Amino acid sequence: MICKLKGIYKRFDNLDVLNKLDLDINKEEIICIVGPSGCGKSTILNIISGLIEPDKGDIISNLDSVGYVFQEDRLLPFKTVYENIAIVDKEKNHEKIMELINDVGLNGFEHSYPNKLSGGMRQRCSIARAFYFNCEILLMDEPFKSLDYNLKVNMIEYLIKLWDKSKSSIVFVTHNIDEAVLLGSRVVVLSNRPTSILKTFNIDIHQSKRSLTNEYITNLRNEIIDILSISNNEGE
Ligand SMILES: Nc1ncnc2c1ncn2[C@@H]1O[C@H](COP(=O)(O)OP(=O)(O)OP(=O)(O)O)[C@@H](O)[C@H]1O
């Protein structure tokens, strides 16, 4: 276990957001967090990274390095793909940068500026950047939200390839259940506010084959949809 959230409460002004939330993050796992809009998914990432403090509860964490990937790519427009990947490293590791560029299929674009790339390519560059530093944990806040369906599936493949090599733990927040079941080794389903965990699914990657046409994945996906819709109806 590299980080543990225990009995976390968080309130903003008059809004109770997190309510006695428990979450363990283990080495080398990909946790996908799904839940209704505004239930506090980004807040959980901000608490893990230390950007915000909970009002109550404990955080037990041995993390030295945390990486963040956001919905927008946050590339510097006046830097090339190559320069963006190792942006804050003075001693640029050329081999590593080129390997990452290759892993995300941006060969030939290393000297291109972000405005010459498609949305998917820019996001691949920002994911390559996130893996440059071998962070212990990568927090990803709906990084594929603005991409169309085929690109999302494509991005998941690139992400799994990078994760396979680095084995950083990933906490990935998404609205998209397909994304969660394809990518996660664990899917955590959140309730409406005040938010706690409705159910956790440990995904057998060998059974799932990370394919949406696989029966095991289809059943899991349907179960998550049911849980979320029952919770939504109860909240109304
Ligand atoms: N700094 C803040 N001050 C006041 N309210 C906040 C603050 N940060 C978040 N909130 C509120 O807390 C709730 C949870 O926000 P959060 O962004 O964590 O939810 P989310 O599940 O990530 O949302 P979405 O799915 O829409 O991205 C929202 O109602 C939001 O408006």
Side-chain angles (χ1 to χ4, degrees), residues 3-25 29-59 61 63 66-74 119-120 122-123 126-127 130 135 137-149 151-153 155-156 159 169-184 186-201 220-221 223-236:
C3 180
K4 185 181 188 74
L5 307 187
K6 199 158 176 272
I8 299 292
Y9 287 84
K10 183 68 195 172
R11 188 183 171 91
F12 291 112
D13 306 319
N14 294 325
L15 196 70
D16 281 316
V17 178
L18 301 179
N19 181 43
K20 205 169 184 285
L21 186 107
D22 295 323
L23 183 68
D24 286 0
I25 303 162
E29 71 170 337
I30 306 180
I31 302 180
C32 291
I33 299 181
V34 291
S37 189
C39 73
K41 299 182 290 299
S42 304
T43 303
I44 296 173
L45 296 189
N46 289 335
I47 287 175
I48 296 170
S49 67
L51 279 176
I52 62 173
E53 296 244 326
D55 298 320
K56 254 204 280 177
D58 296 313
I59 305 163
S61 168
L63 294 171
V66 177
Y68 236 119
V69 182
F70 300 92
Q71 189 184 325
E72 16 12 297
D73 54 67
R74 302 200 180 185
R122 283 200 298 274
Q123 201 51 299
S126 77
I127 288 170
C135 293
I137 188 165
L138 255 183
L139 306 176
M140 307 186 80
D141 200 348
E142 303 218 40
F144 310 150
K145 192 174 179 183
S146 55
L147 305 179
D148 70 31
Y149 184 80
L151 273 180
K152 275 187 210 286
V153 175
M155 294 296 295
I156 287 170
L159 179 54
S169 302
I170 295 178
V171 184
F172 186 100
V173 157
T174 179
H175 274 100
N176 187 297
I177 297 166
D178 289 357
E179 248 174 51
V181 292
L182 276 181
L183 180 64
R186 187 147 57 105
V187 177
V188 172
V189 184
L190 299 179
S191 68
N192 278 311
R193 281 194 315 263
T195 302
S196 53
I197 293 174
L198 288 171
K199 190 157 178 175
T200 297
F201 295 87
L220 210 69
R221 183 178 168 275
E223 198 178 336
I224 295 173
I225 291 170
D226 287 346
I227 290 172
L228 282 170
S229 64
I230 291 167
S231 158
N232 263 336
N233 292 338
E234 281 170 354
E236 279 167 4

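It should be emphasised that the depicted structure is a prediction, and the values quoted were computed from it without experimental measurement. For this chain, numbers begin at 1 and follow the sequence in order. Atoms within a ligand are numbered from 1 in the order they appear, just like the ligands themselves. Side chains included, hydrogens not; waters and symmetry mates left out as well; all remaining heavy atoms used.
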| query | Which atoms of ligand 1 are found less than 4.0 Å from any heavy atom of His175? | reply | 25 (O)

| task | Give the atoms of ligand 1, by number and element, whose distance to some non-hydrogen atom of Val17 is under 4.0 Å. | result | 12 (O), 13 (C), 14 (C)

Could you give the side-chain donor-acceptor pairs of residues 172-182 under 3.5 Å, partners two or more places apart or in another chain?
| from | atom 1 | to | atom 2 | distance (Å) |
| --- | --- | --- | --- | --- |
| Thr174 | OG1 | Asn176 | N | 2.8 |
| Thr174 | OG1 | Glu179 | OE1 | 2.9 |
| His175 | ND1 | Glu142 | OE1 | 3.2 |
| His175 | ND1 | Glu142 | OE2 | 2.8 |
| Asn176 | OD1 | Asp178 | N | 3.0 |
| Asn176 | OD1 | Glu179 | N | 2.9 |
| Asp178 | OD1 | Arg221 | NE | 2.3 |

| field | Leu23 side chain near Ile33 side chain, heavy-atom distance below 4.5 Å | value | yes

| Given side chains that start at C-beta, do those of Ile8 and Ile59 come closer than 4.5 Å, heavy atoms only? | yes

| request: Return a yes/no value: protein heavy atom under 4.0 Å from atom 25 (O) of ligand 1? | output: yes

| field | Protein contact for atom 6 (C) of ligand 1 (heavy atom, distance under 4.0 Å) | value | yes

So which atom in [X] and which in [Y] form the shortest heavy-atom distance, rounded to 0.1 Å?
X	Y	answer
Ser231	Ser191	OG-CA, 4.0 Å
Asp16	Arg193	O-CD, 3.6 Å
Phe70	Gln123	O-NE2, 3.2 Å

Suppose we measure from [atom] to each protein heavy atom; which comes out shortest, and what is that distance?
atom	value
atom 20 (P) of ligand 1	Lys41 N, 3.5 Å
atom 27 (O) of ligand 1	Glu142 OE2, 4.0 Å
atom 30 (C) of ligand 1	Leu15 CD2, 4.7 Å
atom 18 (O) of ligand 1	Thr43 OG1, 2.5 Å
atom 19 (O) of ligand 1	Gly40 N, 3.2 Å
atom 13 (C) of ligand 1	Gly38 O, 3.5 Å

| query | Taking the six-membered ring of Phe144 as reference, does the NZ or CZ atom of Lys152 fall below 6.0 Å from its centre and within a 45° cone about the axis? | reply | no

| query | Charged N to carboxylate O below 4.0 Å: is that the case for Asp22 and Lys6? | reply | no

| message | Looking only at distances, can you tell me whether any N or O atom of Phe12, backbone or side chain, sits closer than 3.5 Å to an N or O atom of ligand 1? | response | no

